Every structure is written in C-alpha cells, then in structure tokens.
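Below: one structure, written as structure tokens.
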Amino acid sequence: MHVEKQRPAGSALMHFLYLIFIDPFVQMAQAPDLLAQTLWEGLVSGMLYALIALGFVLIFKASGVFNFAQGIMVVFAALTLVGLYEAGVPAFLALALAIVVMFILAFVVERSVLRPLVGQPDIILFMATFGITYFLIGFGEIVFGGDPKVMITAPLYLPKGAITYHTLGGMVQLQKIDIAAAVIASLMVAGLAIFFSRTRIGRALRAVADSHEAALSVGISLEQIWVIVWFAAGLVALVTGIFWGARSDVSFALEVIALKALPVLILGGFTSIPGAIVGGLIIGLGEKIVEFYWGPLVGGGTDAWFAYVIALLFLLFRPQGLFGERIIERI
Amino acid sequence: MNLTADSQDQIRVPSIAQGERILSVNNIEVIYNRVILVLKGVSLEVTRGGIVALLGANGAGKTTTLKAISNLLQAGRGEVTKGTIEFEGQQVQHLSPNELVRRGCIQVMEGRMCFGHLTIEENLLTGAFTRRDGQAAIKADIEKVYAYFPRLRERRASLAGYTSGGEQQMCAIGRALMSKPKMILLDEPSMGLAPQVVEEIFEIVRDLNAREGVSFLLAEQNTNMALRYARYGYILENGRVVMDGDAQALSQNADVKEFYLGVAEGKRKSFREGKHYRRRKRWLA
Ligand SMILES: Nc1ncnc2c1ncn2[C@@H]1O[C@H](COP(=O)(O)OP(=O)(O)O)[C@@H](O)[C@H]1O
Ligand SMILES: [Mg+2]
C-alpha cells in the first residue's frame with residue numbers, strides 16, 4: 001500500500017480505516033462463497049430470533065403483557081418434548097403431548113396470573129411473568145432434571161447432514177436441519193397470518209389488540225383470547241425450541257437467547273409481527289456478518305453485543321422501531 | 001327484586017308501566033376505585049321496543065349507568081355496590097359482558113371505539129363473535145347492516161381508523177347489530193358530529209327500533225335531539241335521577257327547557273343551585 005509509504009505519520013490511521021471500510025468488502029468480493037455461507041448462517045439464527053420475538057409480540061399485542069417468560073417457554077417446551085421421549089413415549093406422541101402441555105400452561109397462566117391481575121398496572125403483570133419464568137425453571141428441573149439434553153431429531157424425521165453446493169468459486173454448505181427449520185418456520189408464520197386475517201378468533205385477537213374495552217363491549221371474551229394467544233406463543237416456543245435445541249442442546253442455558261429477542265423487538269417494534277420477523281433476520285444477519293468480517297479487528301466476540309448496539313441506536317433515533325404500529329389518530 | 005322497592009320512580013312512569021319491561025335498573029350505586037361514589041341510587045326502566053333517553057350534562061353519570069348495565073365497569077375499576085339490574089326479568093349484574101351480549105344486550109360505547117386497524121367489514125364481523133348460527137346467517141346480516149348504512153358498504157374495505165366520525169358511529173352501531181341484539185345501550189352517538197350526520201344517525205336508530213324491534217337506551221347530552229326520538233326520558237344530575245317523564249312532557253317542561261334545551265322562560269330556580277351559570281352556558285353553547 002503506497003499510501004503508507006508516502007505518509008508514515010498518518011499511515012496507521014489510514015491502515016485502520018482501510019481495515020474497517022475497505023478490506024471487509026474486498027474479502028466479500030474475493031470469496032463470495034464465504035459471504036453466502038455467512039449470510040445463510042445469519043439468516044438461520046435470525047429466523048430463530050424472529051420466532052422468539054414473534055412469541056413476545058403475540059402476547060404483547062393481545063394482552064399488553066411483556067412476557068419475560070417467553071425465552072423459558074422455549075426451553076420448557078423443548079424439555080417437555082425430549083423428557084417425554086426419554087421416558088419412553090413415542091416421538092410423535094411426545095410432540096402431541098408437548099403441545100397439550102403448552103395449552104395447559106396457557107390455561108393456567110390465564111386463570112392464575114392474568115385473570116386475577118386484570119386492570120393492574122403493566123409493571124405488575126411484567127413482574128408476574130418473572131414469577132412464571134422461575135416457576136417454569138424450578139418445575140422443569142424437578143420434572144426433567146437439570147442436565148442438558150439432546151434434541152430428538154431423527155425420531156421426528158427431521159433431516160440430518162448437509163447439502164454442499166460447489167458454487168461461487170468455492171462451496172456453500174447448508175445444514176438440512178436448518179433448511180427444515182426455515183421451511184417449517186415460514187409455514188408457521190404463513191399459517192398464523194392466515195389465522196389472524198381470515199378466522200373469527202383471529203379477527204377477535206386483532207380486535208383485542210386494538211382495544212380491550214371495545215372488544216369486551218362486543219362480547220369478545222378476553223379470557224378465551226388470552227388462552228389462545230398464550231397457546232399460540234407456546235406453539236411458537238415449541239418450534240423454536242426444537243430447532244434451537246437441534247443446533248446446540250436443550251438446557252436452561254438456552255434462556256439467554258431470549259435476551260436476543262429484546263433488541264429484535266426494539267428494531268421491529270413491540271406490536272408488529274412483520275417487524276419481529278424482519279428485525280430478527282436483520283439482527284441475525286448483521287451479527288454474523290459483523291463477527292465474520294469485522295470481528296477479527298477487535299478480537300472477536302462482537303455477536304455478544306452487536307445486537308444491543310443496534311437496539312441502542314434505534315432507541316435513540318427511531319424508538320417506535322422499523323415497523324412500529326402506525327398510530328391512527330383521527331377525531 | 002321487584003320495582004316496588006323504588007316506589008318513588010314507579011309513580012312517575014305511567015306510560016312505561018303498561019308495556020313489558022326489557023330492562024330495569026333498581027336503585028344502583030356505583031363506586032370507582034373503591035372510594036369514588038358516582039351513582040347514588042339510579043333507577044330506570046326501558047320497555048320492550050322502546051327508545052329511552054338518559055340525559056344529563058357531562059359528568060352526570062350517563063356513561064357509568066350504561067357501563068353498569070353492560071358490565072363494563074371493571075376495566076375502569078368501577079363496581080356496582082348496591083341495587084339490582086334486570087334484563088328480561090333476570091338479574092344480570094354478575095354476568096360477563098360476553099354473556100350479556102349473548103343474551104341480547106350490547107353497548108355502543110362513547111367515542112364509537114371502532115377497531116381502527118380493522119376494516120369496516122372486519123369490524124362488523126367482530127360484532128358477530130358471540131353468534132353460533134353459521135356463516136350464511138352472518139353474511140345475510142352484514143348485508144342487512146349495509147342496507148341500513150349504505151355508506152358502510154362503500155367503505156367496507158377501509159380501515160375504520162381512517163373513516164370519518166359519522167362513518168365510525170355507523171360502524172359501531174352496525175357492529176352492535178351484528179350480535180342480533182334485543183337492546184342497544186347507545187352512549188352519546190351525537191358527540192362531535194355535524195348536525196346533519198347526527199340527524200341521519202338518529203333516523204336510522206328510529207328505523208332500527210321500528211323495523212327490527214331493537215330497544216334503545218340512549219345516553220345523550222344533545223337533549224333536544226334525544227327527546228325528538230325517544231319516547232321517555234330520564235335526567236341525571238350528579239349521579240341521581242332528578243326528573244323523568246314522557247319525552248313530550250320533558251321537552252315542554254320549563255326547567256328542562258331552561259337548563260337542557262337552552263330556551264329561557266323568565267327566571268327559574270335551578271334543579272340544584274350553584275352550577276346554574278355553568279350549566280346554562282354549556283347548553284346554550
Ligand atoms: N374510571 C373512573 N374512575 C373514577 N371516576 C370516574 C371514572 N369514570 C368516570 N368517573 C367519574 O364519574 C362521574 C360520571 O362520569 P360519566 O359516567 O362518564 O358521566 P357522563 O357520561 O354523564 O359524562 C364523573 O365525575 C367522572 O369523573
Ligand atoms: Mg359519558
């Protein structure tokens with residue numbers, strides 16, 4: 001680099017700027033296969049963030065509760081599935097039972113937490129979800145033990161191995177389980193979208209999200225709607241738990257991934273389902289790209305804080321998020 | 001409980017006593033936040049097929065009365081602490097709003113409260129939440145609502161939040177109709193609307209009453225308008241019924257004329273002294 005030779009005093013700075021602003025893009029252009037691989041990894045983890053955020057958004061929209069327990073619901077659902085299987089229940093029956101357990105959880109939460117606390121300030125309900133979190137951790141450990149478990153993938157006919165494409169002057173490897181996760185997550189989101197827009201209950205859910213009081217006045221039963229959204233969030237948690245569990249293992253350590261949902265929510269807006277999805281993907285992609293291309297400059301580990309920095313910037317400049325609900329004000 | 005408990009009001013309702021009562025509110029007391037006493041013994045009744053006006057200034061307790069009936073007080077931390085409410089002869093004060101709507105008593109709230117992020121047609125469909133009589137019947141009723149409110153048909157695909165105040169009021173009434181109500185508690189439909197729109201809406205209310213047999217309890221500050229359409233009226237002040245009678249008689253009454261219709265007839269004593277000037281000013285404005 002001749003620039004360095006000519007101006008040695010500024011050379012360190014120039015080199016540093018080069019490393020930040022030029023070099024990563026040169027690398028991207030030189031090895032497009034690595035870029036594609038990184039993008040894919042980012043998309044996959046972004047999708048899982050998006051699913052967790054989606055669970056939050058469902059509950060937040062319909063009941064105004066910021067559900068701190070969403071992350072632990074992911075773990076609890078996955079543990080239930082694996083725990084039942086290990087206890088000798090056939091895989092698909094275990095899956096069905098895990099779904100039933102998530103329904104029971106929704107029902108119990110509505111009866112014992114939401115209903116008695118209705119009309120209380122939001123902060124009280126938020127604190128109550130801490131209670132749910134620690135109850136689930138304690139209960140999960142008593143029933144299933146504290147050891148990490150391995151997600152059952154083969155018995156559920158989830159694919160193993162990878163597909164390798166020799167392309168872009170190199171190769172890109174896609175794990176089949178990640179492809180399955182992408183397909184199932186997309187189907188689930190599409191299913192939810194149809195449910196929301198086309199069904200009686202879905203419309204009622206949106207009505208409740210719009211105004212609790214008006215929904216009550218037309219005879220919509222909030223209790224019923226709350227059970228349904230918590231159940232929907234439970235199903236989303238189960239799917240998330242299966243695929244996240246397949247990537248690492250199933251233990252309460254997974255809970256930390258739920259903390260990633262917070263920046264996703266700040267990015268996407270707390271009440272927007274598309275926001276949760278796009279926000280999740282952006283955070284996932286951004287994290288992997290930054291870690292791969294810029295991480296070495298600071299000794300790596302950027303994925304631990306990158307999402308929060310983005311969230312902070314959004315809080316400063318666009319607090320309603322990318323897709324924060326348009327507020328319709330009209331007299 | 002029987003209405004004889006409240007003889008004072010019964011004496012004054014000769015025209016109503018003849019018909020069958022669909023709703024009777026017997027001496028109810030409502031307290032907000034466990035301390036604020038807002039209704040201090042309100043009694044009223046509505047005959048089946050009637051239109052009854054509940055009149056009174058801002059803050060008199062009209063909304064509170066309607067919400068006590070439809071059981072929507074809880075969300076505002078309010079509670080009926082005394083008295084009974086009967087709908088079709090059965091006590092209903094312990095029923096959920098959901099159950100009341102199922103039985104045919106629905107409220108159209110003050111400020112319309114349409115679901116702003118739902119389209120007009122979706123709003124109407126939410127009104128059918130409690131029904132179990134199938135898609136075809138619901139479709140037919142949507143058409144019926146559109147027949148009463150042709151403007152809603154034009155705006156069927158618009159988000160309710162982007163429609164005009166009059167359209168939102170129509171949407172709110174139409175949405176209530178979708179529950180197949182026997183009785184609608186209609187809270188201040190005229191609020192913030194232009195006079196022609198108010199007229200249009202009241203005409204439809206009269207139509208619905210005549211052709212669908214829906215009974216109305218109509219809370220209004222617009223005394224003049226309400227008394228033109230109602231058959232009977234109650235005047236609420238400070239959480240108490242201070243006067244009631246046939247709509248005709250009320251609109252002829254000198255006090256009502258002065259304080260609620262803005263027609264002064266010489267010097268009169270106020271219903272309750274002190275707020276005289278303010279009240280006049282509000283009603284004459
Ligand atoms: N949720 C509430 N909490 C406390 N006070 C209330 C509440 N709602 C209404 N009030 C009070 O009750 C009184 C009657 O209100 P309201 O029934 O809304 O009157 P109106 O509908 O006739 O204007 C007012 O003084 C009002 O301030
Ligand atoms: Mg009012």
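Convention: sequence-line order gives letters A, B, ...; per-chain numbering from 1. Heavy atoms only: backbone and side chains are in, while hydrogens, waters and symmetry mates are out. Bear in mind the structure is a predicted one, so any value in this text is a computation, not a measurement.
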Check: A/Phe56 ring centre within less than 6.0 Å of A/Phe270 ring centre: no

Gap between atom CD of B/Glu188 and atom CG of B/Asn58 - 0.5 Å precision: 7.0 Å

Chain A contact via B/Thr126 - which portion, at a heavy-atom distance below 4.5 Å: both

NZ or CZ of A/Arg206 within 45° of B/Phe115 ring axis and under 6.0 Å: no

B/Gln135, CD: over 12 other non-hydrogen atoms inside 6.0 angstrom: no

Worked check of salt bridge (Lys or Arg N to Asp or Glu O under 4.0 Å) between B/Lys62 and B/Glu220: CA-CA 8 Å; B/Lys62 303 180 296 297; B/Glu220 260 301 345; over 6 Å; no

Chain B-proximal positions within residues 99-112 of chain A [heavy-atom distance under 4.5 Å]: none

Residue part contacting chain B, namely of A/Gln224, when any heavy atom lies under 4.5 Å: side chain

Spacing of CG belonging to A/Leu117 relative to CG belonging to A/Leu125, to within rounding of 0.5 Å: 5.5 Å

Donor on one side chain, acceptor on other, B/Tyr32 and B/Glu79, under 3.5 Å: no

Residue pair A/Leu95 / A/Ile242, side-chain heavy-atom distance below 4.5 Å: yes

Neighbours of chain A found in residues 94-101 of chain B - heavy atoms under 4.5 Å: B/Pro97, B/Asn98, B/Val101

Ring geometry between A/Phe135 and A/Phe139 (parallel below 30°, tilted from 30 to 60°, perpendicular above 60°): parallel

Donor-acceptor side-chain pairing of A/Ser217 and B/Gln107 below 3.5 angstrom: no

Heavy-atom pair count under 4.5 Å with chain A, highest-scoring of B/Leu125, B/Thr130, B/Asn71: B/Leu125

CD-CD1 distance between B/Gln93 and B/Ile69, expressed to the nearest 0.5 angstrom: 11.0 Å

